Amino acid sequence: MAEVVDLRSDTVTRPSAAMREAMANAEVGDDVYGEDPTVNALEARVAALFGHEAALFTPTGSMANQIAVQLLVPPGDELLCDADAHVVTYEIGAAAAIGGISTRTWSPVGGDVDPDVVAAMVRPEGYHAVATRAIAVEQTHNRGGGAVIPLSTLDSLRELADRAGVGLHCDGARIWHAHVADGVPLDRYGRLFDTVSVCLSKGLGAPVGSLVVSSRERIERARVLRKRMGGGMRQVGVLAAAGDYALTHHIGRLADDHVRAGRLAEALAPFGIVDAARAVTNMVPLDFTKSTVDAPGFGAAARERGVLVSVLGPRVGRLVTHLDLDDAGVDRAIEVLTGLLSG
Ligand SMILES: Cc1ncc(COP(=O)(O)O)c(C=O)c1O
């Protein structure tokens with residue numbers, strides 16, 4: 001039987017032989033003592049990439065996000081974000097459970113943000129209402145189908161945050177894709193935010209690893225928060241080396257993932273479940289609202305034929321391209337998925 005084509009997520013990639021070699025050769029030390037040279041070098045590299053003073057390596061993007069929001073929002077105060085944001089959808093209530101943080105959300109608009117809507121939500125510090133302390137955005141937007149928030153919108157949000165005296169966080173798990181798709185330098189993005197979380201384990205193909213990027217003062221506090229959450233790690237340079245390798249070798253090639261997502265989108269668009277214009281990075285949102293097929297049925301039939309897709313709801317699905325998917329895999333997926341929709 002042909003190999004399975006896995007389009008569920010870009011988190012399914014396996015480290016390449018060259019990445020494993022870099023991991024095996026990593027110099028290591030005890031990172032809780034701040035003595036792992038490979039981690040220290042990765043943190044300095046990523047901080048510089050985003051135009052910030054410091055960064056902190058974390059095991060997951062969820063931990064990086066939660067540390068960042070705790071840096072910006074004290075217990076009892078409020079974070080504003082999109083109702084589809086990862087930070088409130090997929091992090092198991094951590095902002096409330098761990099940070100004591102209140103969250104209030106705006107209605108998702110396909111991954112984009114309307115700064116006027118956000119501005120109207122900000123509540124000033126005071127005795128009566130919960131005070132807004134930070135706004136979070138997601139670049140690119142996972143549940144928004146890999147959408148890229150335009151730079152002009154982010155500039156407006158920065159102005160709004162400054163006017164309101166609140167922090168601005170970016171969940172940049174896939175900010176690399178936005179950088180490649182829109183050509184915006186990473187440090188141009190980075191300087192807009194008080195905190196940025198970035199992931200090495202999604203499109204960049206490392207097995208593990210994320211970072212929080214911010215000022216030196218905040219990252220010192222972040223180190224304490226990470227330890228409190230059980231994220232103080234020891235000879236973790238073996239993992240940081242994978243991330244370092246990914247930064248060197250796997251950013252430019254994301255353009256290939258975007259082209260492959262575009263090919264999938266164009267092949268499926270005639271069946272009315274894809275708006276090809278929305279596939280701008282490595283995701284293809286599937287919308288079955290106007291189809292006689294439903295997402296779980298489609299997902300199950302595709303699986304039987306060796307193609308794995310994400311089912312996000314009764315009428316919503318998603319395809320994701322990544323490092324372990326080549327053109328032959330895309331051809332196979334197109335053959336299987338269009339066959340199902342024609343049948
Ligand atoms: C946008 C976004 N942020 C954060 C995360 C969390 O990453 P992790 O799975 O490493 O906790 C993900 C995971 O897919 C994500 O898509």
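Each ligand, and each atom within it, is numbered from 1 in the order the structure gives. Small disclaimer: the values here were computed from a predicted structure and weren't measured.
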- Query: Are Arg158 and Asp194 close enough, and set up right, to give a salt bridge (Lys or Arg N to Asp or Glu O under 4.0 Å), and what steps lead you there?
  - Reply: CA-CA 9 Å; Arg158 179 69 260 172; Asp194 300 293; 3.1 Å; yes

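A salt bridge links Arg174 with Asp10; the closest basic N to acidic carboxylate O contact falls under 4.0 Å.
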Does ligand 1 have any N/O atom under 3.5 Å from a protein N/O, and what are those pairs and their distances?
residue  : atom   : partner : partner atom : Å
ligand 1 : 3 (N)  : Asp171  : OD1          : 3.0
ligand 1 : 3 (N)  : Asp171  : OD2          : 2.7
ligand 1 : 7 (O)  : Lys202  : NZ           : 3.0
ligand 1 : 10 (O) : Gly61   : N            : 2.8
ligand 1 : 10 (O) : Lys202  : NZ           : 3.0
ligand 1 : 11 (O) : Gly61   : N            : 3.4
ligand 1 : 11 (O) : Ser62   : N            : 2.9
ligand 1 : 11 (O) : Ser62   : OG           : 2.6
ligand 1 : 16 (O) : Asn142  : ND2          : 2.8
ligand 1 : 16 (O) : Arg174  : NH1          : 2.7

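Side-chain N/O atoms of Asp82 and His141 include a donor and acceptor closer than 3.5 Å.
In this structure Val109 satisfies the side chain to side chain contact (heavy atoms under 4.5 Å, CB included) test together with Asp112, sequence neighbours excluded.
The aromatic rings of Phe298 and Phe288 are tilted relative to each other, their planes meeting at an angle between 30° and 60°.
The environment of CD in Glu27 is sparse: at most 12 heavy-atom neighbours from other residues, nucleotides or ligands sit within 6.0 Å.
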